[in-house]
> 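This structure is in structure tokens; I'll ask about it shortly.
Keep in mind that the numbers below use all heavy atoms, side chains included, and drop hydrogens, waters and symmetry copies.
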Amino acid sequence: MLPPPKPHNRRPPLGKTAASYDTDVFINCPFDEDYRPIREALTFAVLACNLRPRCALEANNGAMTRIDKIVELIRDCRWGIHDVSRTEISEEHGLPRFNMPLELGLFLGAHRFGRAEQREKSCLVLDRELFRYQRFISDIAGQDIIAHAGRPDHAIEAVRNWLSDELGHLADDLDGGTAIARQFARFQADLPDVSHRLNRDPSRLTFRDYCKAAEGWLATDRTPGPAS
Amino acid sequence: MLKQVSKKAKTLAAKRRYPLPDLFGPHPRVIPRGEGDLPDEDIQRAIEDLFRERAAATQTS
């Protein structure tokens, strides 16, 4: 009898760091439809900077609780983008949603208390307005906190500039934030056509399919010749 | 101001014990395909077809 197939995405045992730690970027952001343009902009910006986006939207392992999955993602990613712009009072419950700040706290905790490689972590905190965070999470003052004003192009520029600051001369050959924002706008305009060819609704692509499409589009767009 | 930032960045970089990633190296840019995800070759073909058709249309016009 054949042994059962190995899972396609084997995780390192608890406490071990993934081989891709240095190139993986944890995106901690809302998943609702209204936020989708910013989420996709962040994902695209990470790919345009040649790093690998990771987020809780990745295919589910049904046996894991959500918090276990988040902890595993945080452990596996050296870089983190945390958008706290949706920390606001909900009309339905009169209470704020606090998942993003919680995950930011886990990331900062790993950075502070983790092993040596975890202490290399770096994160970018995004919000709608500068200093709004001081009204609900003032203890994070001192982190890189950038306002994107709900604009995908601002979010892209923030990610690109943050990575450029972190990576120094290693990021010299990356495109600038404005150029990446222009590429993103062109990719988003092409996405309905690409999705149609795949018999998919562009708003219903899986996180991995979106990443793969953006990666393929960037590679094709960068290729000199008739394709560009 | 710029000089100060650069100095700070250099000091921080010197303190790092782990190397920074080679952005242009051969590392994977996308997570492995899972259940419900489309095949890579289908996605790549759709993109290449789009670019090819657009290039052809541009040449014709």
> Counting heavy-atom pairs closer than 4.5 Å to chain A, which one of B:Asp40, B:Asp22, B:Asp49 comes out on top?
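Highest number of heavy-atom pairs under 4.5 Å: B:Asp40.
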> Counting only heavy atoms not in A:Phe31, do more than 12 sit closer than 6.0 Å to its CZ atom?
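Atom CZ in A:Phe31 is packed in, count exceeds 12.
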> Considering only heavy atoms and a distance below 4.5 Å, find which of A:Leu163, A:Thr206, A:Asp190 pairs most often with chain B.
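Greatest number of close heavy-atom pairs with chain B: A:Asp190.
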> For the rings on A:Phe187 and A:Tyr210, is their centre-to-centre separation under 6.0 Å?
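Yes, the ring of A:Phe187 comes within the 6.0 Å limit of the ring of A:Tyr210, centre to centre.
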> If I measure from the heavy atoms of chain B, does A:Asp24 come under 4.5 Å with its side chain, its backbone, both, or neither?
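Neither the backbone nor the side chain of A:Asp24 comes within 4.5 Å of chain B.
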> Tell me yes or no: between the side chains of A:Trp162 and A:Ser122, is some donor less than 3.5 Å from an acceptor?
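Short answer, yes.
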> Strictly below 4.0 Å, N to O, side chains only: are B:Glu41 and B:Arg45 in salt-bridge contact?
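Salt bridge: no.
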> Looking at A:Val194, A:Asp173, A:Leu170, A:Leu47, which one has more heavy-atom pairs under 4.5 Å with chain B than the rest?
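Counting heavy-atom pairs under 4.5 Å, the top option is A:Leu170.
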> Please classify the contact of A:Asp193 with chain B as side chain, backbone, both or neither, using a heavy-atom distance under 4.5 Å.
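For A:Asp193, the contact with chain B is made by the side chain alone.
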> Relative to chain B, which segment of A:Leu174 carries a heavy atom at a distance below 4.5 Å: side chain, backbone, both, or neither?
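The answer is both parts of A:Leu174.
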> Regarding A:Arg160 and A:Ser164, do their side chains bring together a donor and an acceptor under 3.5 Å, going by distance alone?
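On atom types as modelled, these side chains qualify, holding a pair under 3.5 Å.
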